[in-house]
Every structure is written in structure tokens, then in C-alpha cells.
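This report concerns only the one structure given below.
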Amino acid sequence: MNKQELNNAFESFNPTEQQKQRMLNGIMAKKNNVFDRRKIYIPACSVAAAALMFAMISGLLTTAPVTDNGNLVAVNTPDVVQEVQKDIKTDEMTSSTVAKKEMVVEEKLSSEKLSYTTAENKKSENSDNDSAKTDLAEPEREKQPTAKPVPEPEIIPGEVIAFALNINTASTALKSRAIDAPAVATADTAESMVVYDGILEQANGGGGGAASGSGSAAAGCDATYQEFCTKIGSDIRDILKLPEGMTDITVLEKYTADGSAGEWDVSYVGTDGCFVTVNICTDNQYNRQYFENESFEKTDINGTDAVIIYDGNTYTAYMDVNNISYTVTANISEQQLAELLVSIK
Amino acid sequence: MSTYTDEKIAQIYDQYVNMVYKICLMMLKNPGDAEDVTQNVFVKLIRSGKQYESDRHLKASLIVIAQNECKNQLKHWWHSKRDSFDDIAEPSYHQQTADTDVINAVNSLPDKYKIPVYLFYYEGYTSEEISKMMGINHSTVRSHLAEARKRLKLILKEDNNE
């Protein structure tokens with residue numbers, strides 16, 4: 001690949017003429033607008049009115065019945081919300097149980113429906129007369145049985161059950177559960193051979209004795225992965241919990257600008273096209289901008305904050321452990337990512 | 001009141017829309033979001049009314065604004081509402097003019113490598129200028145460029161071996 005091919009690749013990202021015109025139209029339309037259409041502007045005095053309306057809609061206030069002269073009469077005022085909320089206040093429970101209770105409340109709310117009918121239809125329904133129903137009457141909905149609370153999953157000591165992460169871009173992020181994971185040794189990982197620039201390199205997944213291949217392969221390079229591991233104190237490949245079937249393709253020698261490596265990529269590929277890259281950097285300046293930005297939701301990984309972003313195909317996770325910066329890029333499942341992040345120590 | 005006339009806006013837009021859109025597309029990986037953020041970048045510039053010393057300053061500002069707006073977009077909950085590539089009528093890139101393998105290789109790079117590669121090789125910025133725009137160390141930019149080159153080489157070598 002030469003520079004021209006690279007430039008052609010970037011040229012291919014240019015917008016089409018249609019897109020350009022569309023964007024220009026949007027810019028011209030927005031440039032004079034003071035208000036952002038995505039925001040909802042309401043005067044302060046309307047907040048109380050909005051809260052009152054919300055309370056009425058959610059059924060916290062009972063609606064007064066009207067006279068029997070054909071006006072709508074509300075029946076089946078839901079009081080289950082009050083009961084469940086009372087339970088929430090009186091019980092001592094963990095945050096996960098609270099979340100489950102809230103889920104139960106939501107399920108009940110969706111199943112509970114206000115049945116509106118005219119006074120005349122109410123009488124006709126009682127007498128089972130279908131011809132008296134008007135267009136406005138909705139069929140009376142039945143109360144759904146109360147959903148049973150979801151039982152707590154059984155926790156097996158040592159097993160990672162980090163089944164939910166705070167993924168940025170998801171509209172309903174679940175809270176993470178940080179559970180200590182045992183260090184997973186990769187000593188039994190099969191040796192993988194990587195062909196790079198015509199030189200066979202032996203990428204050994206076991207221990208800290210990562211071989212750098214033959215002596216001639218190491219000649220001429222500024223830094224080796226072994227030296228980098230010595231600098232940061234460990235070889236992360238010994239402890240990473242990876243999906244099955246992944247091959248280590250980490251480059252073990254490199255040329256650096258100043259003769260020493262402050263950064264290294266530990267890379268794996270799978271047979272089904274999945275990949276994992278862990279960028280390890282002694283300079284955590286890049287990752288810090290994500291942690292310092294309070295708008296990014298953080299995930300607790302064994303007591304360490306991580307910022308995880310998902311673009312629909314690939315996860316990017318930023319994490320600092322013991323002043324070493326880790327950036328994980330992977331297109332694996334959320335569960336596999338959680339296990340991998342927990343294994344980084 | 002903005003100091004930018006409609007003619008000036010159109011001129012700046014024609015000059016830099018490709019660059020801004022490319023940065024947004026590389027960071028957001030979604031043409032719809034990239035279009036929205038590109039609009040926001042120019043609207044932000046127009047509303048600021050700021051006059052720049054030179055085109056180079058203006059260009060650098062647009063790059064910084066684009067990156068920040070993309071980060072804002074990533075953390076906005078509306079970012080979860082997206083269309084898949086298959087649902088979009090027009091192609092997200094011009095397949096006729098570039099090697100698909102190279103495009104995929106560039107796309108597979110992490111953002112921290114992709115943007116410096118674009119700014120260095122395509123826009124012609126030095127690593128020092130890139131470090132200022134991205135808010136990272138100069139040596140970090142250089143190592144990112146080296147890593148990106150290595151990774152592109154490895155990816156394309158593997159693609160050729162398949």
C-alpha cells in the first residue's frame with residue numbers, strides 16, 4: 001500500500017453531492033435559529049404543572065368520577081403503583097433489587113390500563129349489550145397477573161458474572177456488577193506462529209518469557225515486547241481472559257522514534273473474523289479526557305472506572321490500571337468484553 | 001449577530017465540508033450522524049462569528065470543533081437511534097475510486113490511530129500540529145502513526161493471504 005492508495009481510501013469517504021446540498025440546506029436553516037430543536041424549553045412556572053400532569057397520568061392521583069350524563073367515567077384507578085412504592089420504601093434492599101422492583105412496577109403499569117367508557121356503555125356492558133357501545137368506548141382490558149420477581153442468579157465463587165456494562169450510546173444502560181475474577185493463566189495456550197515481513201516469529205502465550213524469535217530477527221529493532229513488559233511490570237497476555245479460538249498476533253519487535261517503547265498493542269484475531277486489540281500505554285493523557293468528562297457513563301470494573309463506547313460493531317473500552325493506560329478495541333460480545341476487562345489487573 | 005455572510009458561509013463550506021465530513025464519518029462510522037455533526041460544526045462556527053487570522057487557523061479550528069462535536073454526539077442518547085448502512089440509499093463511500101481492502105483496513109483502525117493518519121497523510125499536518133489539535137503528546141502522535149502503519153501493513157498482508 002502506498003500513499004496514493006491511502007489518499008484514495010480517504011477520498012472515498014467524501015460526501016456525495018446530494019449529501020453536501022442537504023447539509024448546506026440544514027446549515028442555512030439552523031444558522032439563525034436561537035433555539036435548539038432537540039431541547040425542550042419550558043418556563044419555570046410550567047414545571048409544577050408538568051409534574052402535576054405526570055402525576056395524574058401515572059395514576060398517583062385518583063380521577064374524580066363525573067356525573068352519569070354521558071361524560072367519561074374513569075374506572076380501575078391503579079393503586080398497585082402505590083403499593084409497590086410503599087414496599088420499596090419500607091424494605092431494605094440492594095440497588096439491584098431496587099432495579100428489579102422498578103422493572104416489576106413498569107410491567108404492572110403497562111398491564112394496568114384505564115378503562116374509559118360512557119355511563120351509558122357502562123350500563124350496557126353490565127347487561128352485555130354490544131349494540132350500545134359507541135365509537136369512543138375502548139374494550140375493557142383485563143388485569144394481567146402480577147409478574148413474579150426475577151430471582152437473583154446464583155453466584156458461583158470465582159465465576160465472572162459481569163453480564164451488564166454501562167455502554168455509552170445505549171438508551172437503557174444497565175448497571176454493571178464488579179465481581180472479582182480469577183487470573184486466567186494462558187500457559188496452556190497453543191503457540192502461534194506469525195509471519196511478518198518474511199520473518200517467522202514465535203508468539204508464545206505462556207509466562208513472561210515471550211520469545212522474540214531468532215537472534216537475527218531481533219537485530220536492528222529499537223525495542224522488544226519483552227523489554228516493554230519489564231518496564232510495565234508484567235505481560236498482560238498471561239492474564240487476559242479471551243474468547244475461545246483467538247490467535248495471538250502481537251508484534252514483538254518495533255522501531256520507535258526515541259529508541260524506547262512507551263506503548264504496545266497486544267493483538268488477537270479469531271477464526272470468525274472477531275478481533276481484540278489491547279493498546280497498553282505508559283502515557284494516560286489520551287484516556288484521561290474520557291474519564292474527566294462526566295457526560296460519559298462509567299462502568300465499574302473491579303473498582304476501576306472504565307468508559308465503554310459501542311458503535312454498532314466494535315466496542316472501545318478505556319481504562320487505567322496502576323497508572324497504565326489500556327484501550328481495548330474488540331468486536332466480541334458484551335459478556336466476553338466484560339470478562340476481558342475484569343481480567344486486566 | 002454573525003459576521004459571516006451567506007456568500008462567505010458557502011465559500012467556507014465548499015472549502016472544508018469534505019474534510020469535516022470525513023473526520024465525522026471516521027469517528028462516528030455512520031453517515032447520518034456524520035451529516036448531523038457536520039452541520040453542527042459549521043453552525044457553531046457561524047454562530048461564534050469569530051474571524052481567523054488565516055485559512056490554516058480556520059481549518060485547524062474546524063478540525064478541533066469536529067472532534068469535540070463527535071465526542072458529544074457519541075455520549076448523547078440519541079446516538080443510539082441510527083440507520084444501518086444497508087438502509088441508506090446512497091453509498092457511504094465511492095467504491096469505484098478506491099481499493100475496498102484499503103478502505104476496510106483504514107476503517108478497522110481505532111480512532112486514536114485513524115485521525116492522526118488522516119491528518120498526517122491526507123491533510124499534510126505535521127505531528128506537532130496534530131498533537132496540538134488532538135490534545136496529546138507529540139511523541140504519542142508519532143507512535144500512533146507508526147503503529148497505524150504497522151497495523152495497516154499487517155491487515156493488508158493478511159487480506160492478501162486469504
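FYI, side chains are in, hydrogens and waters are out, and symmetry mates aren't considered; it's all heavy atoms of this structure. Naming: A, B, ... by sequence-line order, numbering from 1 per chain.
Across every non-hydrogen atom of B:Tyr13 and A:Gln19, the tightest pair is OH-O, 4.4 Å. Heavy-atom minimum distance, B:Gln39 versus A:Gly26: OE1-CA, 3.3 Å. Scanning all heavy atoms of the two residues, the minimum distance from A:Phe296 to B:Lys71 falls at CZ-O, 4.0 Å.
Heavy atoms closer than 4.5 Å to chain B are found in the side chain of A:Asn279, but not in its backbone. Heavy atoms of B:Met19 lying under 4.5 Å from chain A are absent altogether. Heavy atoms of A:Thr277 lying under 4.5 Å from chain B belong exclusively to its side chain. Contact of A:Asn7 with chain B is made through backbone and side chain together, with heavy-atom distances under 4.5 Å. Of the atoms belonging to A:Asn331, not a single heavy atom falls under 4.5 Å from chain B. Neither the backbone nor the side chain of B:Asp14 comes within contact range of chain A; no heavy atoms are under 4.5 Å apart. Contact of B:Val41 with chain A is not made at all, since no heavy-atom distance falls under 4.5 Å. Looking at A:Thr329, only its side chain comes within 4.5 Å of chain B, counting heavy atoms on both sides. When heavy atoms are compared at a cutoff of 4.5 Å, B:Tyr113 approaches chain A solely by way of its side chain, counted from C-beta outward.
Side-chain contact between A:Met23 and B:Phe42 is absent, with no heavy atoms from C-beta onward closer than 4.5 Å. Considering only heavy atoms from C-beta on, B:Tyr21 stays 4.5 Å or farther from A:Lys20 through its side chain. B:Lys29 has its side chain out of reach of A:Thr314: every pair of non-hydrogen atoms, C-beta onward, lies at least 4.5 Å apart.
Applying the side chain to side chain donor-acceptor pair (under 3.5 Å) test to A:Tyr315 and every residue at least two apart in sequence or in another chain returns nothing.
Ranked by heavy-atom pairs under 4.5 Å with chain A, the first of B:Asn18, B:Val43, B:Ile136 is B:Asn18.
No more than 12 heavy atoms of other residues, nucleotides or ligands shown are found within 6.0 angstrom of NZ on B:Lys44.
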